[in-house]
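Scroll down for the structure; my scribbles are underneath it.
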Amino acid sequence: MTWSAKAALAALGGLLVLMYFLGPVLMPFAVSAGFAYVADPFVDRLQQRMSRTLAVVVVFVALSAIVLPALVLLLPLLVDQVREFVAHIPDYLAWIQDKGLPAIGVHLPAELQLDSANLKRLVTENLPQAGSLARELFGTLSRSGGAFLLFVANLLLIPVVTFYLLRDWDDLIAWVDGALPLRSRDTVRALACESDFVLSGFLRGQLLVMLSLGALYSTGLWIVGVQFALLIGIGAGLVSFVPYLGFIAGLLAASIAVLAQVGGVGPLVGVLVVFGIGQVIESMLLTPWLVGDRIGLHPVAVIFAVMAGGQLFGFTGVLLALPAAAVLAVLMRHGMARWRQSDLYGQP
């Protein structure tokens, strides 16, 4: 192993150790880096007509004008639907036990059947406590002092760090490029370009796919008359980064909700139409146009990356899991190509 390879492995090991111990502190920087990476192409286009700093300000104002009103409008509706959904969980479980499973010929043994009356009473008694969870969390943070200040500081740091990272993004890339060893600079540049192609396909393309599907599913289910259209639609859109997971989970949840709500199979046709149209639009329009075949990650690898990142590094690990997995996939493909060109691989 060459000296440069040893140094790279040592640097990677040190970075992982730092992430393990400084995970909560790194969270706002990871979020800010993601925002800066996604917004950099827009700033680059505006920079052709104005200064870099002014271009960053324009992008910030434009994103704030889109994101903040959406949050103000959607968050109260989502909170109300979550509360109402929790209150209806016993009804859904009772419908699955008493009507859904028997309809397909499945009958639960007596020892596995749910007492829907007691379950509903339990949920009803604890619903006010669940509704006050945010207030209790805020009170706990306020009483803990240091944790509350850290929470507020992290929130305030995200836009500040994003601004400076976005303003100096090209300079940072140039600095890293200038620090590369001359002997391996071309190889690293090629790997970086391929990794950027993969990451841009995921972070920018997949984000647009998720938002588009969330809006499509929510609107379609609302037209059909599903009770928790916004909650189910946004949830299905958010998990659509795993192929077919959003479609299956959303279709299942919406079907149970509409059957328990109406009691007949007629409205179920509308739910099937909504998710069928969504799946066709995703597979034939959104994914080929916005993402293409860039990511190259198996759905199982996506699930494992998210779970492993959360287990090792907490919320910061979840944020970095898929970008890291995408870059690792690029390195593995490069390593496999080198291996197949080696003399050891070609020996009989």
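We use all heavy atoms of the structure for the numbers below, so side chains are in, but hydrogens, waters and symmetry mates are not. Residue numbers run from 1 in the order of the sequence given.
Between Leu191 atom CG and Arg189 atom CZ the span is 12.5 Å, to the nearest 0.5 Å. The structure places CZ of Arg83 at 14.0 Å from CG of Leu78, a figure rounded to the nearest 0.5 Å. Atom CG of Asp80 is separated from atom CD of Glu84 by 8.0 Å, given to the nearest 0.5 angstrom. Atom-to-atom distance recorded for Leu213:CG and Ile234:CD1 is 12.5 Å, nearest 0.5 angstrom. Leu199 contributes atom CG, which lies 13.0 Å from atom CD of Gln206 (distance to the nearest 0.5 angstrom). Within the model, atoms CG of Leu286 and CG of Leu216 stand 8.0 Å from one another, a figure rounded to the nearest 0.5 Å.
Remark: Met50 CE is packed, more than 12 non-hydrogen atoms of other residues, nucleotides or ligands lying under 6.0 Å away. Heavy atoms from other residues, nucleotides or ligands lying under 6.0 Å from CZ of Arg338 number 12 at most. Residue Phe42 places its CZ atom among 12 or fewer non-hydrogen atoms of other residues, nucleotides or ligands, all under 6.0 Å distant.
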Worksheet item: Which is it for Glu194 and His334 under the side-chain contact (heavy atoms from CB on, under 4.5 Å) test, yes or no, and what are the steps along the way?
Response: CA-CA 10 Å; Glu194 187 176 351; His334 176 74; 5.8 Å; no
Practice prompt. Starting from the C-alpha separation in whole Å, work towards a yes-or-no answer on side-chain contact (heavy atoms from CB on, under 4.5 Å) for Tyr217 and Ile232.
Written response: CA-CA 8 Å; Tyr217 288 148; Ile232 296 174; over 6 Å; no
Practice prompt. Would you please test Ile158 and Phe35 for side-chain contact (heavy atoms from CB on, under 4.5 Å) and show each step?
Written response: CA-CA 9 Å; Ile158 290 176; Phe35 286 156; 4.0 Å; yes
Worksheet entry | Stepwise side-chain contact (heavy atoms from CB on, under 4.5 Å) check, Asp40 with Asp170 | CA-CA 9 Å; Asp40 179 66; Asp170 293 342; 3.9 Å; yes
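Looking at every heavy atom in both residues, Gly233 comes nearest to Leu221 through N-CD1, 4.2 Å. The nearest pair of heavy atoms linking Leu46 to Ala55 is CB-CB, 3.7 Å. Here the closest heavy-atom approach between residue Leu165 and residue Ala36 is recorded as CB-CB, 4.0 Å. Nearest approach of Ala236 to Phe275, heavy atoms of both residues: CB-CE2, 4.4 Å. In terms of heavy-atom proximity, Leu268 sits nearest to Ser255 at CD1-OG, 3.3 Å. Annotation for Ser240 and Met210: closest pair OG-CG, 3.5 Å, computed over non-hydrogen atoms.
Put simply, Met332 and Phe197 are part of two different groups of oily side chains (I, L, V, M, F, W, Y) that touch within less than 4.5 Å, one to the next. In the hydrophobic clustering of this structure, Val269 groups with Val224; members are Ile, Leu, Val, Met, Phe, Trp, Tyr whose side-chain heavy atoms approach within less than 4.5 Å, directly or through other members. Grouping the Ile, Leu, Val, Met, Phe, Trp and Tyr side chains by contacts below 4.5 angstrom, directly or via other members, places Phe163 apart from Ile173. Criterion: ILVMFWY side-chain heavy atoms under 4.5 Å apart, direct or through other members. Under it, Val79 and Leu230 are not part of a common hydrophobic cluster. Cluster membership for Phe304 and Val306, using ILVMFWY side-chain heavy atoms within less than 4.5 angstrom, is not shared.
When side chains are defined from C-beta on, Leu166 does not count as touching Tyr37, because their heavy atoms never get closer than 4.5 Å.
Ion pairing between Arg52 and Asp168 fails under the 4.0 Å rule for side-chain N and carboxylate O.
Val43 pairs in a side chain to side chain contact (heavy atoms under 4.5 Å, CB included) with only one of the listed residues (Val59, Val58, Val57, Thr53), which is Val59.
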